[in-house]
Amino acid sequence: MNTKEDYIGVFDSGVGGISVLRHLRRVMPNERFLYYGDSANAPYGIRTKAEVQALSFAVVEKLMARGLKALVIACNTATSAAVKELREKYPDLIIVGIEPALKLAADRYPGGGIGVMATPMTLSEEKFARLLHRYDVTCDIYKIPAPRLVEIVEAGKVDTRRTIDMLQRLFTPYRGRLDALVLGCTHYPFASHTISRILGGQVDILDGGDGTARETRRRLDEAGLLREGPGEVVIENSWNSPEILRLSWRLLEGKSLTNHWKEEKDGK
Ligand code: DGL
């Protein structure tokens with residue numbers, strides 16, 4: 001039996017889902033969040049579907065043992081590979097999975113050019129194909145896989161010359177074609193200021209974090225499971241190192257990554 005005091009479990013292949021946790025905490029400040037990043041097994045996006053399913057099941061089993069009233073899959077890749085199977089395994093649990101915010105972009109720019117940047121797995125899965133076909137009649141949609149950006153965010157190195165060069169090359173074919181860019185991987189919002197600098201201010205950069213947080217709130221409210229009192233965040237990671245936990249808290253607190261590794265090296 002779920003209680004209001006149980007955790008909201010949030011998981012991702014690594015630190016990316018913290019971009020969703022930020023929205024969750026903003027929308028539900030009184031909740032207890034248990035965040036699990038599976039950085040030891042990241043990136044998920046270049047693995048097989050069966051591997052991502054097995055990894056997701058293992059993480060969720062661990063979280064369930066701690067007492068959950070809801071699960072947020074803060075990973076587009078894991079949602080596309082495993083949300084259906086997780087819902088079958090845990091029919092009584094509220095499960096919300098993030099998806100690329102294509103609807104938001106298509107509603108905002110009818111007939112426009114929309115880039116969807118995500119992992120190769122998200123872009124090749126059936127779930128995304130269905131979403132795409134709903135909007136590609138009216139809009140020009142471009143799939144932009146960016147697996148390396150996941151590792152760059154995991155390493156906390158979004159502002160380096162190499163990252164900027166890589167992103168410049170990635171976006172060259174889409175210059176002048178995009179009204180909006182959907183960040184369909186939860187790691188990418190941590191590089192959004194760099195992406196925005198490269199694309200120029202006229203491209204609207206969107207992600208599904210806010211929608212996922214609101215949907216989670218709505219489902220908990222409907223079930224009478226919203227909590228009162230002071231909130232709490234616990235962060236755990238399969239790569240059980242102080243560095244990855246420091247990076248996670250830094251991302252949660254919205255601190256810039258620019259000096260992160262210098263400070264790590266200097267022991268600050
Ligand atoms: N953050 C994840 C997502 O939203 C995936 C990153 C990875 O490839 O591990 O898709």
Side-chain angles (χ1 to χ4, degrees), residues 9-24 35-60 63 71-84 86 95-102 104-105 115-129 131-132 143-158 163 166-167 170 181-192 195 205-213 215-216 235-239 244 247-248 251-252 257:
V10 184
F11 94 95
D12 177 46
S13 63
V15 298
I18 289 174
S19 64
V20 183
L21 181 57
R22 291 183 52 155
H23 287 286
L24 286 162
Y35 182 90
Y36 192 88
D38 195 11
S39 295
N41 294 303
Y44 278 12
I46 52 172
R47 290 179 178 274
T48 64
K49 185 174 180 178
E51 281 174 333
V52 175
Q53 282 178 345
L55 289 167
S56 303
F57 270 79
V59 169
V60 175
L63 292 176
L71 173 74
V72 178
I73 308 173
C75 174
N76 294 264
T77 308
T79 299
S80 53
V83 68
K84 187 167 153 279
L86 284 167
I95 300 182
V96 179
I98 193 165
E99 282 186 89
L102 192 51
L104 182 66
V116 183
M117 199 179 170
T119 67
M121 172 169 297
T122 300
L123 294 173
S124 62
E125 269 307 308
E126 177 60 31
K127 203 168 189 346
F128 183 70
L131 189 65
L132 186 74
K143 294 188 198 179
I144 311 177
R148 281 187 51 212
L149 192 53
V150 172
E151 291 164 75
I152 288 168
V153 172
E154 284 289 308
K157 293 183 176 167
V158 291
T163 305
M166 186 277 279
L167 288 170
L170 186 72
L181 177 71
V182 173
L183 303 182
C185 166
T186 55
H187 282 71
Y188 302 164
F190 293 121
S192 65
I195 294 172
I205 298 180
L206 305 167
D207 71 70
D210 179 59
T212 301
E215 175 63 7
T216 308
I235 297 183
E236 295 177 5
N237 196 294
S238 56
W239 181 34
I244 201 78
L247 176 63
S248 302
L251 293 171
L252 183 65
L257 288 181

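What's counted below: heavy atoms across the whole structure, side chains too, no hydrogens, waters or symmetry copies. Remember, it's 1-based here, ligands and their atoms both numbered in the order they're listed.
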Would you mind listing which atoms of ligand 1 come within a distance below 4.0 Å of any non-hydrogen atom of C185?
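Counting from 1, the qualifying ligand atoms are 1 (N), 2 (C), 3 (C), 4 (O), 5 (C), 6 (C), 10 (O).
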
| message | Within ligand 1, which atoms have a heavy atom of D12 less than 4.0 Å away? | response |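 Here the atoms of ligand 1 in question are 1 (N), 2 (C).
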
Candidate pair K127 and V83, rule side chain to side chain contact (heavy atoms under 4.5 Å, CB included), full reasoning
CA-CA 10 Å; K127 203 168 189 346; V83 68; 3.7 Å; yes

Report task. Hey, could you give me the OG/CD distance between S56 and E51, rounded to the nearest 0.5 Å? Result ->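 Going from the OG atom of S56 to the CD atom of E51 covers 11.5 Å.
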
* side chain to side chain contact (heavy atoms under 4.5 Å, CB included) with L104: which residues, sequence neighbours excluded? ->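 If we apply the side chain to side chain contact (heavy atoms under 4.5 Å, CB included) test to L104, skipping adjacent residues, the hits are A101, R108, L206.
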
Who's the nearest protein heavy-atom neighbour of atom 10 (O) of ligand 1, and how far?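 For atom 10 (O) of ligand 1, the nearest protein heavy atom is T77 OG1, 2.6 Å.
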
For atom 6 (C) of ligand 1, find the nearest protein heavy atom and state the residue, atom name and distance (0.1 Å precision).
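Protein heavy atom at minimum distance: S13 OG, 3.3 Å.
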
Relative to ligand 1, is P43 under 4.0 angstrom through side chain, backbone, both or neither, heavy atoms considered?
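Answer for P43: both.
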
Exercise. Does ligand 1 have a heavy atom under 4.0 Å from the side chain of N76, from its backbone, from both, or from neither?
Worked result: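 Both backbone and side chain.
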
- Query: Would you say G45 has any N or O atom under 3.5 Å from an N or O of ligand 1, going by distance alone?
  - Reply: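 There is such a contact, yes.
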
Consider every N or O of T122 and every N or O of ligand 1, then say whether any pair is closer than 3.5 Å.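 No, T122 has no N/O under 3.5 Å of an N/O on ligand 1.
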
- Looking at side-chain heavy atoms only, is the closest gap between L252 and Y35 below 4.5 Å?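 Heavy-atom side-chain distance check fails, nothing below 4.5 Å.
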
### Message
Measuring only between side-chain heavy atoms, which start at C-beta, is T119 closer than 4.5 Å to N76?
### Response
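No, every pair of side-chain atoms sits at 4.5 Å or beyond.
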
| What heavy-atom pair brings A40 and N237 nearest, and what distance separates the two atoms? |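 Looking at all heavy atoms of both residues, the shortest contact is N-OD1, 4.4 Å.
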
Original post:
Does the pair I73 and I98 meet the rule for a side chain to side chain contact (heavy atoms under 4.5 Å, CB included), with working shown?
Top reply: CA-CA 6 Å; I73 308 173; I98 193 165; 6.0 Å; no

Close approach, C75 and ligand 1, non-hydrogen under 4.0 angstrom: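 It does, in that a heavy atom of C75 comes within the 4.0 Å cut-off of ligand 1.
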
